[in-house]
Amino acid sequence: MIETEVLIVGGGPVGLAMAVELRYQGIDCILIEQTDSVVTDPKVSTVGPRSMELCRRWGIGQQIRDAGWPKDHTLDVAWVTSVGGHEIYRVHFPSYENRTLPDYTPEPEQVCPQDWFAPVFQNYLGEYPGGIIKFLSRLDSFEQKEVIHARYMVACDGARSFIRKTCNVDAPSFHPTQKFQSVVFKAPELATQMGKNHAMVFFLVNPIIQEPLRAVDGRSLYRLILKPQEDGDVRDAESAIRAAISIDTPFEIVSNLPWFLTHRVADRFRVGRIFFAGDCAHTLSPSGGFGMNTGIGDTGDLGWKLAATIKGWAGDRLLDTYEIERRPIAVRNLTEARANLERSQKRPIPPVISSDSPEGEKIRAEMALGMERSGVKREFDAPGVHFGFRYESPAIIPEGTPPSDDPFQWQQSSYPGCRAPHAWLEPGKSTLDLFGRGFVLMCFDSTQGVESWEKVFQEKQVPFTSHYINNWEIAKLYERAFVLVRPDGHVAWRGDTLPSDAGALIDRVRGCF
Ligand SMILES: Cc1cc2nc3c(=O)[nH]c(=O)nc-3n(C[C@H](O)[C@H](O)[C@H](O)COP(=O)(O)OP(=O)(O)OC[C@H]3O[C@@H](n4cnc5c(N)ncnc54)[C@H](O)[C@@H]3O)c2cc1C
């Protein structure tokens with residue numbers, strides 16, 4: 001029998017991230033994955049900026065950056081009647097070699113398809129028994145032939161989750177399910193043929209296809225999303241690629257797989273000692289690339305809470321806050337992804353759109369104006385979705401006026417529940433690098449001593465450090481003289497004076513309420 005603290009079921013991106021976070025927190029865990037782990041249909045393309053910040057914490061950020069995406073490859077998104085046909089509208093994004101770091105994160109998003117980033121995580125974790133991943137191992141019931149005895153189980157077994165269903169937890173649909181096809185193909189000459197008109201994503205706008213064609217590896221691999229025929233039959237991949245690309249380019253089809261776009265959020269994220277994370281707990285439209293990133297966000301919230309509970313310093317209610325904090329974020333991200341999807345699906349496409357005639361040109365110009373006005377860029381540049389969410393739970397102590405919840409008004413904030421702001425402490429060292437395993441008190445006032453706090457944290461055996469930061473700009477960004485940050489990098493409390501009853505405050509943020 002294998003004994004472990006936490007059994008993780010499912011070695012997709014979220015299960016892998018959960019295992020890495022628990023490992024980082026020093027918790028013993030085993031991950032079982034039913035397949036041999038080889039990714040044949042790399043759905044995920046982009047690791048979002050908040051997920052990249054977690055990768056930075058785990059020490060694998062640079063490996064994700066170096067995984068293979070060419071630094072000089074265009075990141076533009078172009079709306080076209082076909083690749084090589086008429087271009088309607090284009091959003092320019094500088095390539096990685098030309099971009100400057102935004103002021104709100106040390107780790108902007110990174111294109112890294114699933115078949116590249118999964119091995120980075122797998123290498124970090126290693127294969128059982130030396131490491132912790134057991135491939136070709138499927139959970140068929142909660143009692144296996146090969147018994148794994150665990151205190152907690154995290155179900156990362158995807159959208160069809162056997163575990164969630166066995167726990168009788170429903171994940172109701174927010175919107176009707178849609179069927180799509182994902183066609184992966186190689187077109188090794190396309191980038192050179194397109195030259196300066198190449199893009200990372202081509203959104204096809206013609207009467208047959210209104211879906212994206214996306215560069216997967218920045219070299220020869222592409223993915224075309226398609227709607228099946230009206231009678232529901234799978235479309236022929238070859239003719240669809242020919243309808244999508246109007247220049248003569250050689251191509252080879254790698255796969256043509258159907259998939260279902262669902263918008264579901266589980267009613268509960270926890271049943272007893274079983275937790276649901278990733279697509280098992282929520283599925284959303286890929287438009288915006290929030291799906292996996294929402295799941296990786298789950299692991300950042302759950303990981304330290306499991307670790308604190310197993311190590312014995314959490315309050316009894318800390319694990320309850322996982323669902324309270326994360327479920328609303330799943331709904332928030334689902335809503336954003338849905339808005340992106342509707343923006344492209346509701347667009348009327350007159351057949352003349354592809355025509356060389358003045359009428360065709362007029363329609364394309366009008367459409368470009370509409371795209372500019374409706375902010376199509378939002379789908380590809382949404383830091384407010386990745387960072388602007390805010391937790392509300394009994395373990396977070398509100399203070400002051402909450403910032404706007406509109407992702408497109410987002411600014412860094414130290415309001416409790418928000419991700420604590422990033423600023424450079426010195427070249428290469430972010431404020432975020434101070435957070436990870438214990439509570440951190442960010443101090444901007446040296447006149448009030450924090451010794452009493454240190455003592456109370458110590459008495460309660462809660463890991464704690466304090467940092468006095470003598471930097472006016474960072475103090476302004478942090479808004480208060482004292483900001484208490486949780487291991488997941490979210491603010492738990494802030495104030496201009498240290499409360500006299502530190503014990504009560506500490507109890508609340510560690511889940512004793
Ligand atoms: C076309 C497309 C493009 C996308 N692009 C993006 C993107 O760019 N960015 C983004 O953030 N998201 C994207 N997504 C969403 C993303 O793919 C999912 O959100 C993500 O894969 C969810 O990861 P997961 O680990 O929760 O589940 P999954 O990836 O489904 O992994 C579940 C794993 O559990 C294993 N498993 C299941 N049952 C058992 C069992 N009983 N025992 C053992 N193992 C089991 C499965 O084999 C599988 O490996 C995209 C989705 C699609 C369809």
Side-chain angles (χ1 to χ4, degrees), residues 7-19 30-52 109-118 121-122 133-142 144 148 153-166 178-184 200-201 211-216 223-226 255 257-264 266 275-299 330 333-334 336-337 340-341 379-380 382 385-386:
L7 171 64
I8 300 161
V9 182
V14 176
L16 290 169
M18 188 74 243
I30 295 279
L31 183 156
I32 58 168
E33 163 57 42
Q34 64 187 356
T35 69
D36 61 3
S37 89
V38 177
V39 180
T40 46
D41 178 28
K43 285 176 292 191
V44 174
S45 309
T46 306
V47 183
R50 183 59 188 146
S51 300
M52 282 304 298
E109 66 178 31
Q110 175 67 42
V111 178
C112 181
Q114 207 167 341
D115 52 335
W116 289 352
F117 80 71
F121 282 74
Q122 288 157 0
I133 310 182
K134 279 173 90 21
F135 294 116
L136 301 170
S137 196
R138 185 186 157 82
L139 188 84
D140 290 321
S141 77
F142 294 4
Q144 301 186 106
I148 300 180
M153 180 158 80
V154 186
C156 304
D157 55 342
R160 294 184 182 171
S161 176
F162 152 78
I163 301 173
R164 180 174 49 70
K165 286 177 194 156
T166 309
Q178 298 183 28
K179 190 176 173 188
F180 285 92
Q181 284 167 244
S182 167
V183 178
V184 176
M200 179 177 73
V201 181
E211 273 76 39
L213 185 155
R214 182 182 183 117
V216 174
R223 187 180 59 233
L224 172 63
I225 299 295
L226 290 173
S255 63
L257 297 170
W259 59 276
F260 292 92
L261 192 166
T262 60
H263 304 80
R264 293 174 179 273
F275 297 84
F276 311 129
D279 276 20
C280 159
H282 41 71
T283 55
L284 30 134
S285 162
S287 35
F290 309 132
M292 172 193 76
N293 290 299
T294 309
I296 292 183
D298 295 341
T299 72
N333 293 359
L334 181 150
E336 267 308 316
N340 288 334
L341 181 72
E379 183 172 341
F380 304 95
V385 178
H386 290 282

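Atoms within a ligand are numbered from 1 in the order they appear, just like the ligands themselves.
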Tell me the protein heavy atom at minimum distance from [atom], and give that distance in Å.
atom                    : answer
atom 48 (C) of ligand 1 : Glu33 OE1, 3.5 Å
atom 3 (C) of ligand 1  : Lys43 O, 3.2 Å
atom 41 (N) of ligand 1 : Leu139 O, 2.9 Å
atom 28 (P) of ligand 1 : Gly158 CA, 4.3 Å
atom 26 (O) of ligand 1 : Asp279 N, 2.9 Å
atom 17 (O) of ligand 1 : Val44 CG2, 3.3 Å
atom 23 (O) of ligand 1 : Pro13 CG, 3.5 Å
atom 34 (O) of ligand 1 : Gly10 CA, 3.2 Å

Checking contacts here: is it the side chain or the backbone of [X] that comes within 4.0 Å of ligand 1, counting heavy atoms only? Could be both or neither.
X      : value
Ser137 : backbone
Val9   : side chain
Trp259 : side chain

When only distance counts, is [X] in polar contact with ligand 1, meaning an N/O pair under 3.5 Å?
X      : value
Asn293 : yes
Val14  : yes
Phe162 : no

Nearest heavy atoms of Pro212 and Val201, plus distance in Å: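 Heavy atoms of Pro212 and Val201 come nearest at CB-CG1, 4.0 Å.
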
Side-chain (Gln114) to main-chain (Val44) donor-acceptor, under 3.5 angstrom: yes

For Glu336, what residues pass the salt bridge (charged side-chain N to carboxylate O under 4.0 Å, His left out) criterion, not counting sequence neighbours?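 By the salt bridge (charged side-chain N to carboxylate O under 4.0 Å, His left out) rule, Glu336 matches Arg378.
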
Ligand-residue contact atoms, ligand 1 with [X], heavy atoms, under 4.0 Å:
X      : result
Gly278 : 26 (O)
Gly291 : 10 (C), 11 (O), 12 (N), 19 (O)
Thr46  : 8 (O), 9 (N)
Arg138 : 40 (C), 41 (N), 42 (N), 43 (C)
Thr35  : 47 (O)

Does the side chain to side chain contact (heavy atoms under 4.5 Å, CB included) test come out yes or no for Leu139 and Asp157, once each step is laid out? CA-CA 9 Å; Leu139 188 84; Asp157 55 342; over 6 Å; no

Does any non-hydrogen side-chain atom of Trp116 lie less than 4.5 Å from one of Val47? no

Within a strict 4.5 Å, meaning less than it, do heavy atoms of the Arg223 and Leu213 side chains meet?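 No. Closest side-chain heavy atoms not under 4.5 Å.
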
Relative to the ring of His386, is the ring of Phe290 parallel (under 30°), tilted (30 to 60°) or perpendicular (over 60°)?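 Because their plane-to-plane angle is over 60°, the rings of Phe290 and His386 count as perpendicular.
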
Distance from Ser285 atom OG to His263 atom NE2, nearest 0.5 Å?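 So the OG of Ser285 and the NE2 of His263 are separated by 5.0 Å.
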
Rounding to 0.5 Å, atoms CZ (Phe380) and OG (Ser287) come to a distance of 9.0 Å

Return yes if a side-chain donor-acceptor contact under 3.5 Å exists between [X] and [Y], otherwise no.
X      : Y      : value
Asp279 : Thr283 : no
Ser37  : Thr35  : no
Thr46  : Arg214 : yes

Heavy atom to [atom], shortest distance: which of [options] holds it?
atom                    : options                : value
atom 38 (N) of ligand 1 : Thr294, Asp157, Ile225 : Asp157
atom 50 (C) of ligand 1 : Pro286, Ser285, Cys280 : Pro286
atom 46 (C) of ligand 1 : Gln34, Glu211, Met18   : Gln34

For Cys156, state whether at least one heavy atom is located under 4.0 Å from any atom of ligand 1. yes

Do any heavy atoms of Ser45 fall under 4.0 Å from ligand 1?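 It does; at least one heavy atom falls under 4.0 Å.
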
Which residue in the set Asn333, Thr262, Asp298 passes side chain to side chain donor-acceptor pair (under 3.5 Å) when paired with His282?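 Among the candidates, only Asp298 passes.
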
Side chain to side chain contact (heavy atoms under 4.5 Å, CB included) with Ala281: which residues, sequence neighbours excluded?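 Checked Ala281 against side chain to side chain contact (heavy atoms under 4.5 Å, CB included); matches are Phe269, Phe276.
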
